[in-house]
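Heads up: the structure comes next, in structure tokens.
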Amino acid sequence: MPELPEVETTRRALQPMVSGKTIDRITTRCPKLRWPIPAMLSDQLTRGQINGIKRRGKYLLFTLKDRPDRLLVHLGMSGSLRVTDSHADLRKHDHVILSLNDQRDIRLHDPRRFGAVLLDTPDSPHPLLQKLGAEPLDDEFSAELLKSHCKNRRMAIKTAIMNAQIVVGVGNIYACEALFAAGIDPQKPAGKLSDDEYAQLVSAIKRILKQAIEQGGTTLRDFLNPSGNPGYFKQTLNVYDRADLPCRTCGTLIRKRVLNQRSTYYCPHCQS
DNA sequence: CTAAGGACCTGTCGGC
DNA sequence: TGCCGACAGGTCCTTA
């Protein structure tokens, strides 16, 4: 479900509701999501006061006051976080519950269980965070950086921008949209873009992610932020999920093809 | 080293 | 109505 804009939307909605609250209890209702949920989790974090929520790529990092331990949450493909009254009925697939001291819960709902709940401590910094590439909205993510990673690579450019070791947070929707905005064929070998194309692509990624965040992310089927509201970026999508519909720029029918087992949408005329 | 494919899961939708 | 296959917003790991 969530790419960077949806994760950031979640973070922004959640943070003011939970900052300063104390975690009374953590209940794990299923033993593993993508990975086993650490047994230490509850012992390590209970009684901790939430300081804030940071984001790195698509990971949410809950930080605590006066403690270095951090709770990592990844929403995978179908995960979402919601704040509810602690007496509210549990839904199917509410897998992890953080009970706060204000009679409210943060509940992780994740039908497909591709998400993750992990611990990051000074003693054992989580390896998944160590290998991540540039934050797309930071200045560090530049045309030069993208070009250097793509040098001599024959993989499709779409695959490159979805590679979290190069740049984090760009998933299938925004990869398609950014390539359309930059006028680049998703299948073009990553190493064969011109300098101008790297620049166009990098600025398109930044622009589109920012715009999507402003609109609360993309609700395709079921994404809701922690307050239960959908995102409005769907109406801004130019190619994603628009197979056989006319390109908004030139009227050519949008095509869909599978690239690396992911549906890829593009305009054969605008992205030559 | 790079690139491609499988794996992990459940839910939903379209076609027959 | 029911069954079956295809597909879904992610990404690590194995294999070639």
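Note on naming: letters A, B, ... go to the chains in the order of the sequence lines (proteins, then strands), and numbering restarts at 1 for each one. For clarity, every value in this text was computed on a predicted model and none was experimentally measured.
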Suppose the criterion is ring pair (Phe, Tyr, Trp, His ring centres under 6.0 Å): which pairs have a residue in residues 14-35 of chain A, not counting sequence neighbours?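 For residues 14-35 of chain A: none.
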Please list all pairs meeting ring pair (Phe, Tyr, Trp, His ring centres under 6.0 Å) that have one or both residues in residues 49-77 of chain A, counting only residues at least two apart or in different chains.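 For residues 49-77 of chain A, and leaving out neighbouring residues, the ring pair (Phe, Tyr, Trp, His ring centres under 6.0 Å) pairs sorted by first residue read A:Tyr59-A:His74.
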Where along [range] does a heavy atom come under 4.0 Å from DNA chain C, residue by residue in number order?
{"range": "residues 220-242 of chain A", "result": "A:Leu220, A:Arg221, A:Asp222, A:Phe223, A:Tyr240"}
{"range": "residues 142-149 of chain A", "result": "none"}
{"range": "residues 109-118 of chain A", "result": "A:Arg112, A:Phe114"}

Could you write out each protein N or O paired with an N or O of nucleotides 1-3 of chain B at a distance under 3.5 Å?
| unit_1 | atom_1 | unit_2 | atom_2 | d |
| --- | --- | --- | --- | --- |
| B:dT2 | OP1 | A:Arg153 | NH2 | 3.1 |
| B:dA3 | OP1 | A:Arg154 | N | 2.6 |
| B:dA3 | OP1 | A:Met155 | N | 3.0 |

Which letters describe nucleotides 11-16 of chain C, given B = protein heavy atom under 4.0 Å from base, S = only from sugar-phosphate, - = neither? BB----
What stems show up for DNA chain B when you take Watson-Crick pairs (N1-N3 plus N6-O4 or O6-N4) and G-U wobbles (N1-O2, O6-N3), both under 3.5 Å, and require three or more consecutive pairs?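 The stems are B:2-8 with C:10-16, B:10-16 with C:2-8.
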Please list all pairs meeting side chain to side chain donor-acceptor pair (under 3.5 Å) that have one or both residues in residues 88-98 of chain A, counting only residues at least two apart or in different chains.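 Non-adjacent pairs meeting side chain to side chain donor-acceptor pair (under 3.5 Å): zero.
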Contacts of type side-chain hydrogen bond (donor to acceptor under 3.5 Å, both in side chains), residue A:Arg55, not counting sequence neighbours: A:Glu8, A:Glu135
Partner residues of A:Asp195 under the side-chain hydrogen bond (donor to acceptor under 3.5 Å, both in side chains) criterion, sequence neighbours left out: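 Partners of A:Asp195 under the side-chain hydrogen bond (donor to acceptor under 3.5 Å, both in side chains) test: A:Lys147.
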Give every donor-acceptor pair under 3.5 Å between a side-chain atom in residues 170-185 of chain A and any protein atom, sequence neighbours left out.
| unit_1 | atom_1 | unit_2 | atom_2 | d |
| --- | --- | --- | --- | --- |
| A:Asn172 | OD1 | A:Lys158 | NZ | 2.6 |
| A:Asn172 | ND2 | A:Ser263 | O | 2.9 |
| A:Tyr174 | OH | A:Glu6 | OE2 | 2.6 |
| A:Tyr174 | OH | A:Thr218 | OG1 | 2.6 |
| A:Glu177 | OE1 | A:Asn238 | N | 2.7 |
| A:Glu177 | OE2 | A:Asn238 | N | 3.3 |
| A:Glu177 | OE2 | A:Val239 | N | 2.9 |
| A:Glu177 | OE2 | A:Tyr240 | N | 2.8 |
| A:Asp185 | OD1 | A:Gln187 | N | 2.9 |

